[in-house]
2 protein chains.
Amino acid sequence: MSRVTIADVASAAGVSKTAVSFAFNNPERLGHATLERVLGVARDLGYTPHPAARALSMRRNGTIGVLIPQRLSTVFANPFLSELIQGLGELCEEHDLTLLLVPPLDGSLESAIRQASVDGFISLGLSPDDRAFEVLDGIGIPTVLIDSEDSFGHPVVNVDDRGGAEAAAKHLLQQGHRNVTIVLLPPARSQVESTPTATRRLAGYHAAFEAAGAPPPETVTAGVSIAGGTRAFESLPRGKRQPTGLLAMSDMAAIGVMNAAQAAGVRVPEDLSVVGFDDIPLSAWTNPPLTTVHQPIVEKGRLAARMLIERMKGRGVDSPAPLNTSLVIRGSTSAPRNSDLPIGRR
Amino acid sequence: MSRVTIADVASAAGVSKTAVSFAFNNPERLGHATLERVLGVARDLGYTPHPAARALSMRRNGTIGVLIPQRLSTVFANPFLSELIQGLGELCEEHDLTLLLVPPLDGSLESAIRQASVDGFISLGLSPDDRAFEVLDGIGIPTVLIDSEDSFGHPVVNVDDRGGAEAAAKHLLQQGHRNVTIVLLPPARSQVESTPTATRRLAGYHAAFEAAGAPPPETVTAGVSIAGGTRAFESLPRGKRQPTGLLAMSDMAAIGVMNAAQAAGVRVPEDLSVVGFDDIPLSAWTNPPLTTVHQPIVEKGRLAARMLIERMKGRGVDSPAPLNTSLVIRGSTSAPRNSDLPIGRR
DNA sequence: CCGCTTTATTAAAGCGGTTTATAGGATCGT
DNA sequence: ACGATCCTATAAACCGCTTTAATAAAGCGG
């Protein structure tokens, strides 16, 4: 036996399909008696309007899509997305919307975008030249960008990545670190270039070093995961040339580094200072607690969702100013053990 | 200007709608020349089939829904769901499916279920008597349950909650703890009763105490969050009657307890041993590392998704045996300081 | 008792695709 | 030269619901 349709209800109640539809969506247009009868029959039959049919005819899905640049298993290993969804979720529930996670299907985010029955998209970390934008523009679904670049047709929610990174680097420099390594974010979409976020953070780091007259640091790339950080640590030079400070673009990588370092007998922060980025909840609980750049992730989600919902109502919205970041100094940073600084000699 | 439809492409290419449809879904039924032409025109016009229309006529959405019993903001504060989604996500991507998060809308999970355009549901922690099941059965969408109870029409994926809990309690008892408090999971859906998971875990705890001839422990209830654990600790009796051991039904609550305890000058594990449940990644990183019951969350997601996909293909599947749990002993448990055990006197 | 509003109800036209059944040629064997 | 066969391409029905425009019935003042 198949699904019960509006026609079934209509004939069972001895009315037209229109009447049934009105009973649910426009009850005041029906006489009291018929209304009751239709509703009763519908309940008895267990009728539920077919969502796709409804969406087709109403031009509304009641869903917003989150464009995920990577595989769900890798991206959900990082608490960042969880927090973001908390923010998005608040607004969604407030507006009776559900949230569709849209990762690349069969490797292609473009085709996943086409498949998605949504009223709006939130896109994460897309580069300006991502192919996905062509598709997005083609179908004309309102979109709000997060961690991307301005000067698209779409409004963007960003945080002050550059400022945060600069503060982090300055902190290390002030403590006397001169031999620092940067742990880069991996490129998001298998393209060669790095993400807008990574680019801005790197610029912030470099600015601080330049201002201090220090040479630009070495870099390694690490996936946003503890394992990624572990690998990053292992690729670091040892002995004399081992850095005394480390600027990671993600907390997860930073924590992986700390872990690997301690396992290798390198003490944090005595032998190696490490600074993360994001300030995920976990970072307050590591041993030692991680010094990191705080960004308001939940708020970012809330703001983006609020903007998208406005756009879905047809109202235009402008990109807000980047949200503030701030350095949170905890226990993973200190002055280097044998400072090379010219305090005394040696 | 509105969206490009199949009719637009058809007339622009001088063919019928059927031809356009075939060009995408049944290319071998078209002559080579027309196929090329249609595809070309479609590309030029930026045509993308309307997902809802497609879903209506094909009876397939390419989406599976995750029924979330609580608000997204509360449930995503717990890494449990992140891990589960990693597992679900793997299978989804493999099968070209997207994932729809379905929390209660306007407080009602039932109405959210109706709205959702999905081909299958994964439901989390629903009690046997949840109203949602009526709706679910009414619309006849394949469903797989996680952390629920067997003996529904739907297959269930569970872990050995009872065994895990029993091992945890036994561990504390063997260390000599006699004054233990249990931190309960809150009821999931604002109904009075507790979740199936909580019930099974409680039974496991009690079984161990009974076997040891110890009186059943006191209980407090705490939300699955660090803040919830903090509140739980504060509600504990102080001084002489303060428990020496604590069995939490979630790692998040356990971590909150540890945190609050240490802030109050109570040392873990010297003054208070705490055991969690779930073994979320964070638990290995707390200070001290948390002793907890491990359950294979990612695997649970994978398995449930695999089963659901089978069901969506029309094949029947049986509930598998509960997945194994195991006690992971880390640093948050030890023998109680002043054991009340009759080793000596007093 | 008539013309005019209101009110209650419905037929039919979408929404944008897919799919079945069918028609029009071209090809082919005889 | 002719019917059978094979390809292509299409008309039309359908998926299940919403909504506009129209109709039938009822109420009403004069």
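Convention: sequence-line order gives letters A, B, ...; per-chain numbering from 1.
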Atom [atom1] of [X] to atom [atom2] of [N]: distance rounded to whole Å?
X         : N       : atom1 : atom2 : answer
Arg59(A)  : dT19(D) : CZ    : P     : 10 Å
Arg60(A)  : dT19(D) : CZ    : P     : 12 Å
Lys17(B)  : dT20(C) : NZ    : P     : 16 Å
Arg3(B)   : dG16(C) : CZ    : P     : 8 Å
His50(A)  : dG16(D) : NE2   : P     : 6 Å
Asn26(B)  : dA9(D)  : CG    : C1'   : 13 Å
Gln115(B) : dT18(D) : CD    : P     : 12 Å

Residues in side chain to side chain donor-acceptor pair (under 3.5 Å) contact with Thr63(B), at least two apart in sequence or another chain: Thr98(B)

Tell me whether the side-chain N/O atoms of [X] come closer than 4.0 Å to OP1 or OP2 in [N].
X        : N       : result
Ser21(B) : dT18(C) : yes
Tyr47(B) : dG16(C) : no
Arg54(A) : dT18(D) : yes

Touch class at under 4.0 angstrom, heavy-atom based, for Asn25(A) against every strand present: sugar-phosphate

Sugar-phosphate only, base, or nothing, as touched by Phe24(A) at under 4.0 Å among non-hydrogen atoms: nothing

Salt bridge (charged side-chain N to carboxylate O under 4.0 Å, His left out) partners of Lys17(B), counting only residues at least two apart: none

Stem segments of DNA chain D by first residue number [Watson-Crick or G-U, under 3.5 Å, at least 3]: C:1-30 with D:1-30

Residue pairs, two or more places apart or on separate chains, that pass side-chain hydrogen bond (donor to acceptor under 3.5 Å, both in side chains) and touch residues 41-52 of chain B: Arg114(A)-Thr48(B)

Anything under 3.5 Å between a donor and an acceptor, one on a side chain of residues 134-148 of chain A, the other on a protein residue two or more places apart or in another chain? List them.
unit_1: Asp137(A); atom_1: OD1; unit_2: His154(A); atom_2: NE2; d: 3.1
unit_1: Thr143(A); atom_1: OG1; unit_2: Ile141(A); atom_2: O; d: 2.9
unit_1: Asp147(A); atom_1: OD1; unit_2: Lys300(A); atom_2: NZ; d: 2.8
unit_1: Asp147(A); atom_1: OD2; unit_2: Lys300(A); atom_2: NZ; d: 3.1
unit_1: Ser148(A); atom_1: OG; unit_2: Leu126(A); atom_2: O; d: 2.5

Base-contact (B) and sugar-phosphate-only (S) positions in nucleotides 6-11 of chain C, heavy-atom cut-off under 4.0 Å, - elsewhere: --SBBB

